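The structure displayed is predicted, hence computed values, not measured ones.
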Amino acid sequence: MDCPYNLANNRQVRMLSDLSLVGCYNLSVMPEEQRNKVLLDSAKENLKRMAFFGLTEFQRKTQYLFEKTFNMNFIAPFTQYNSTRASSVEIDEQTQKHIETLNFLDMELYDYAKDLFLQRYQYMRQKEHQEARRKRQEQRKILKAKQAHNKEQSDDNSTTDYIGNVERWR
């Protein structure tokens with residue numbers, strides 16, 4: 001953590017951003033604050049343009065979004081694991097704060113990604129509910145039309161049967 005050139009810091013932002021916007025790894029192209037803003041904005045924009053991405057802590061929602069986005073279904077539901085080997089490691093508060101400070105761009109990108117992910121999930125759920133409602137309304141219309149048709153036929157048949165019976169009774 002003491003190395004100022006540690007490429008592990010803010011790795012997600014660098015992985016998702018267009019590094020050519022800041023002169024790749026040439027730190028003399030622009031001031032650090034401006035560079036950070038350009039990288040973060042680029043990473044956010046690229047994430048927004050992705051058809052799909054998921055978040056580990058939302059396995060079931062990730063599966064749902066994947067299935068709806070790509071119109072396919074998994075055989076079994078994803079399993080949600082809330083604890084990992086990394087989560088069982090004890091880190092003192094000062095070290096935790098230092099890690100968060102070194103990765104402030106990734107922290108901001110994560111907040112953005114989480115918000116975007118949940119918006120996409122909500123949108124897909126609403127779309128699914130609207131589609132289900134539309135199908136139910138369509139089925140009701142078809143059922144009403146069938147019932148009306150059957151009643152019409154029943155009325156015709158009862159008249160025909162009555163006339164037929166009158167003829168036989170004579």
Side-chain angles (χ1 to χ4, degrees), residues 8-22 36-89 96 99-100 103-170:
N9 297 332
N10 295 308
R11 178 173 296 235
Q12 288 303 309
V13 167
R14 279 196 324 282
M15 298 295 284
L16 287 171
S17 64
D18 179 356
L19 292 175
S20 69
L21 297 173
V22 294
N36 289 340
K37 181 174 177 6
V38 170
L39 287 173
L40 183 59
D41 289 347
S42 174
K44 286 178 178 180
E45 186 61 31
N46 287 333
L47 185 67
K48 186 169 60 173
R49 289 182 182 171
M50 287 183 180
F52 170 81
F53 69 91
L55 296 176
T56 304
E57 68 270 30
F58 298 112
Q59 288 293 308
R60 297 279 171 95
K61 289 177 179 174
T62 294
Q63 178 179 2
Y64 174 83
L65 266 180
F66 185 92
E67 290 175 340
K68 297 302 177 190
T69 301
F70 298 110
N71 197 26
M72 52 190 305
N73 293 312
F74 288 92
I75 295 169
F78 287 3
T79 303
Q80 180 69 52
Y81 293 110
N82 292 324
S83 63
T84 63
R85 211 167 28 161
S87 68
S88 65
V89 174
Q96 178 72 27
I99 292 169
E100 289 173 5
N103 292 283
F104 71 100
L105 295 174
D106 276 1
M107 301 289 289
E108 192 170 332
L109 178 63
Y110 171 76
D111 289 340
Y112 176 82
K114 185 175 178 182
D115 183 55
L116 181 60
F117 175 84
L118 293 173
Q119 284 179 36
R120 288 180 177 187
Y121 175 78
Q122 195 64 33
Y123 170 80
M124 207 58 86
R125 294 288 295 177
Q126 287 174 348
K127 187 175 166 186
E128 182 180 46
H129 289 306
Q130 288 170 347
E131 181 64 22
R133 191 173 321 127
R134 188 190 60 73
K135 282 183 180 179
R136 283 193 308 272
Q137 288 171 342
E138 218 172 86
Q139 287 172 341
R140 274 190 231 116
K141 282 182 185 176
I142 292 169
L143 183 62
K144 282 182 181 179
K146 281 183 181 178
Q147 288 172 341
H149 180 72
N150 289 343
K151 185 176 187 303
E152 214 173 86
Q153 279 188 331
S154 170
D155 290 347
D156 287 349
N157 287 344
S158 64
T159 306
T160 305
D161 288 348
Y162 176 75
I163 293 170
N165 285 333
V166 168
E167 292 297 319
R168 274 194 332 212
W169 295 329
R170 284 190 192 181

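One side chain, Q63 or E67, offers a donor N or O that lies under 3.5 Å from an acceptor on the other.
Two residues are said to be in side-chain contact when any heavy atoms from C-beta on lie closer than 4.5 Å; L39 and L19 meet this criterion. With contacts defined as side-chain heavy-atom distances shorter than 4.5 Å, the pair K61/L65 does not qualify. Here the side chains of Q122 and Q119 are not in contact, with every heavy-atom distance at 4.5 Å or above. For the pair F53 and L116, the minimum side-chain heavy-atom distance is below 4.5 Å.
Taking CD from Q139 and NZ from K146, the interatomic distance works out to 10.0 Å, rounded to the nearest 0.5 Å.
Looking at every heavy atom in both residues, D106 comes nearest to R11 through OD2-N, 3.1 Å. Summarising the geometry of R60 relative to P77, their closest heavy-atom pair is NE-CB, 3.9 Å, with the distance given to 0.1 Å. A pairwise comparison of heavy atoms in A51 and R120 identifies O-NH1, 3.8 Å as the closest pair. Heavy-atom minimum distance, Q80 versus T56: NE2-O, 3.5 Å. When every heavy atom of V38 is checked against every heavy atom of L21, the shortest pair comes out as CG1-CB, 3.8 Å. Annotation for A8 and N103: closest pair O-OD1, 3.8 Å, computed over non-hydrogen atoms.
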Could you give me the CA-CA distance, side-chain angles and deciding distance for L109 and K44, then say whether side-chain contact (heavy atoms from CB on, under 4.5 Å) is met?
-> CA-CA 7 Å; L109 178 63; K44 286 178 178 180; 4.0 Å; yes
Chi angles and distances behind the side-chain contact (heavy atoms from CB on, under 4.5 Å) call for M50, L16 | CA-CA 10 Å; M50 287 183 180; L16 287 171; 3.2 Å; yes
Could you walk me through whether D41 and K37 pass the side-chain contact (heavy atoms from CB on, under 4.5 Å) test, one step at a time?
-> CA-CA 6 Å; D41 289 347; K37 181 174 177 6; 2.7 Å; yes
Check step by step if side-chain contact (heavy atoms from CB on, under 4.5 Å) holds for N10 and M107.
-> CA-CA 8 Å; N10 295 308; M107 301 289 289; over 6 Å; no
Side chain to side chain donor-acceptor pair (under 3.5 Å) between E100 and Q96, intermediate numbers included | CA-CA 6 Å; E100 289 173 5; Q96 178 72 27; 2.9 Å; yes
For residues 128-136, please give each side-chain donor-acceptor pair under 3.5 Å, one per line with the distance, not counting sequence neighbours.
{"residue": "E128", "atom": "OE1", "partner": "Y64", "partner atom": "OH", "Å": "2.8"}
{"residue": "E128", "atom": "OE2", "partner": "K68", "partner atom": "NZ", "Å": "3.1"}
{"residue": "E131", "atom": "OE1", "partner": "R134", "partner atom": "NE", "Å": "3.3"}
{"residue": "E131", "atom": "OE2", "partner": "R134", "partner atom": "NH2", "Å": "2.3"}
{"residue": "R134", "atom": "NH1", "partner": "E138", "partner atom": "OE2", "Å": "2.6"}

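Screening F66, Y112, F52, F58 for a ring pair (Phe, Tyr, Trp, His ring centres under 6.0 Å) with F117, the sole residue that qualifies is F58.
Using a distance-only test at 3.5 Å, with no hydrogens or angles considered, no donor-acceptor pair links the side chain of S17 to the main chain of L40.
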